[in-house]
Amino acid sequence: MLTLHGVGLSPFVRKVRVALAEKNIQYEHIPQVPFGQPEEYFKISPLGKIPCLTEGDWALPDSSCIIAYLERVHPEPALYPSDPKEFGRALWYEEYCDTKLVNALTTVFFQRFVRPTFFKQEADEEMIQKALTEEIPPILDYLEGEIGDRAFLVGSHFSIADIAATSPFVNFAHGKEKIDAGRWPNVAAYVERIHSRPSYKPIIEEEMSG
Ligand SMILES: N[C@@H](CCC(=O)N[C@@H](CS)C(=O)NCC(=O)O)C(=O)O
């Protein structure tokens with residue numbers, strides 16, 4: 001049995017949970033938080049980061065590595081395009097969203113959700129406003145042009161690109177923000193559509209219910 005380590009609120013853990021659900025793979029879930037990790041956790045995840053996947057004494061950290069592994073052992077439904085150019089583009093979107101998009105959206109999440117909930121501290125609203133007005137708009141402008149009116153970011157199928165591009169928006173919602181659909185209609189409709197997939201919806205509902 002596979003075991004996924006990492007609290008579901010992490011955009012990276014959520015990526016893996018959605019991939020597992022899409023592929024209908026059963027797993028145990030240990031909600032390891034990404035701070036104050038016990039010493040043993042560094043043995044399976046040397047950077048101390050979540051997620052990490054284990055099976056017996058075999059361990060694999062990092063959402064991108066884990067999903068690529070899952071694709072090898074459970075190829076269907078495929079989460080990576082077979083066309084080489086589409087495959088390359090899907091990896092690019094995953095990289096962009098795992099870095100630029102996650103960093104910008106989780107600023108809001110960290111301030112409005114993590115600080116008050118876990119550290120009993122107030123949110124830094126100045127930092128949030130900077131993210132909302134300076135950091136996030138150019139990213140949404142880029143995604144707005146990339147998705148256009150297409151159903152998926154790459155090709156004609158749901159892929160790793162769509163998982164990576166939509167997971168951080170759940171954190172945005174935890175931070176009590178949503179995409180301005182007047183300014184970024186394509187991104188708003190796309191994210192809503194992907195979040196309502198049968199694999200994704202129960203994961204979001206579980207998080208929202210606490
Ligand atoms: N590239 C990694 C990033 C994982 C990551 O940064 N996870 C955060 C939580 S969202 C973490 O564990 N941070 C704790 C730390 O950096 O010590 C992945 O895709 O899994």
Side-chain angles (χ1 to χ4, degrees), residues 2-23 25 27-55 58-73 79-80 87-119 121 123 127-128 131 135-136 139 153-154 159-177 194-195 200 203-204 206-208:
L2 292 171
T3 302
L4 176 65
H5 305 253
V7 66
L9 287 167
S10 156
F12 302 106
V13 173
R14 192 179 305 108
K15 276 176 67 191
V16 176
R17 294 191 74 199
V18 171
L20 287 161
E22 286 282 336
K23 289 179 177 292
I25 303 171
Y27 62 101
E28 284 170 342
H29 189 192
I30 298 180
Q32 174 66 51
V33 290
F35 43 83
Q37 302 88 324
E39 209 44 50
E40 314 90 75
Y41 187 69
F42 287 86
K43 291 191 186 132
I44 59 167
S45 180
L47 299 176
K49 293 183 190 250
I50 56 171
C52 184
L53 189 74
T54 57
E55 189 170 19
W58 175 87
L60 185 65
D62 193 283
S63 66
S64 304
C65 300
I66 294 169
I67 299 171
Y69 163 77
L70 293 174
E71 182 85 354
R72 283 292 178 99
V73 284
L79 292 176
Y80 296 82
F87 174 74
R89 291 296 297 171
L91 295 187
W92 152 248
Y93 287 122
E94 182 183 24
E95 172 61 18
Y96 178 81
C97 295
D98 279 1
T99 53
K100 194 86 177 159
L101 181 66
V102 163
N103 290 345
L105 298 187
T106 59
T107 297
V108 179
F109 167 69
F110 186 81
Q111 293 300 328
R112 289 239 180 95
F113 187 93
V114 177
R115 279 184 72 163
T117 310
F118 296 105
F119 303 112
Q121 293 170 351
M127 203 177 232
I128 292 170
E135 291 160 25
I136 296 172
I139 299 170
L153 261 179
V154 178
S159 77
I160 183 65
D162 302 304
I163 298 179
T166 55
S167 177
F169 286 102
V170 182
N171 295 81
F172 203 41
H174 286 304
K176 301 183 180 58
E177 291 292 339
I194 300 292
H195 280 179
Y200 225 129
I203 291 172
I204 298 176
E206 184 191 310
E207 278 184 49
M208 292 300 172

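We count ligands from 1, going down the list as the structure has it; atoms in each ligand are counted the same way.
Judged by distance alone, the side chains of Ser159 and Tyr93 never bring a donor and an acceptor atom under 3.5 Å apart.
Counting only heavy atoms of the protein, atom 7 (N) of ligand 1 lies nearest to Ile50 O, 2.9 Å. Nearest non-hydrogen protein atom to atom 13 (N) of ligand 1 is Pro34 CB, 3.8 Å. In this structure, atom 19 (O) of ligand 1 lies nearest to the protein heavy atom Ser63 OG, 2.6 Å. If you check which protein heavy atom lies closest to atom 15 (C) of ligand 1, you get Lys49 CG, 3.9 Å. For atom 1 (N) of ligand 1, the closest heavy atom belonging to the protein is Asp62 OD2, 3.0 Å.
Sparse packing is recorded around NZ of Lys100, with 12 or fewer heavy atoms of other residues, nucleotides or ligands lying under 6.0 Å away.
Contact check for Leu105 versus Asn171: no side-chain heavy atoms found under the 4.5 Å cut-off.
Interface of Pro51 with ligand 1, defined as ligand atoms under 4.0 Å from a residue heavy atom, comprises 20 (O). Distances below 4.0 Å separate heavy atoms of Ser10 from the following atoms of ligand 1: 10 (S).
Note: no N/O pair closer than 3.5 Å links Gly48 and ligand 1 by distance alone. Residue Lys15 places no N or O, backbone or side chain, under 3.5 Å from any N or O of ligand 1.
Every pair tested for salt bridge (Lys or Arg N to Asp or Glu O under 4.0 Å) that includes a residue from residues 29-38 fails, sequence neighbours excluded, so the list is empty.
Minimum interatomic distance between Ser64 and Tyr80 (heavy atoms only, all atoms of both residues): O-OH, 4.0 Å.
In this structure, Arg17 pairs ionically with Glu206, as a charged nitrogen and a carboxylate oxygen lie closer than 4.0 Å.
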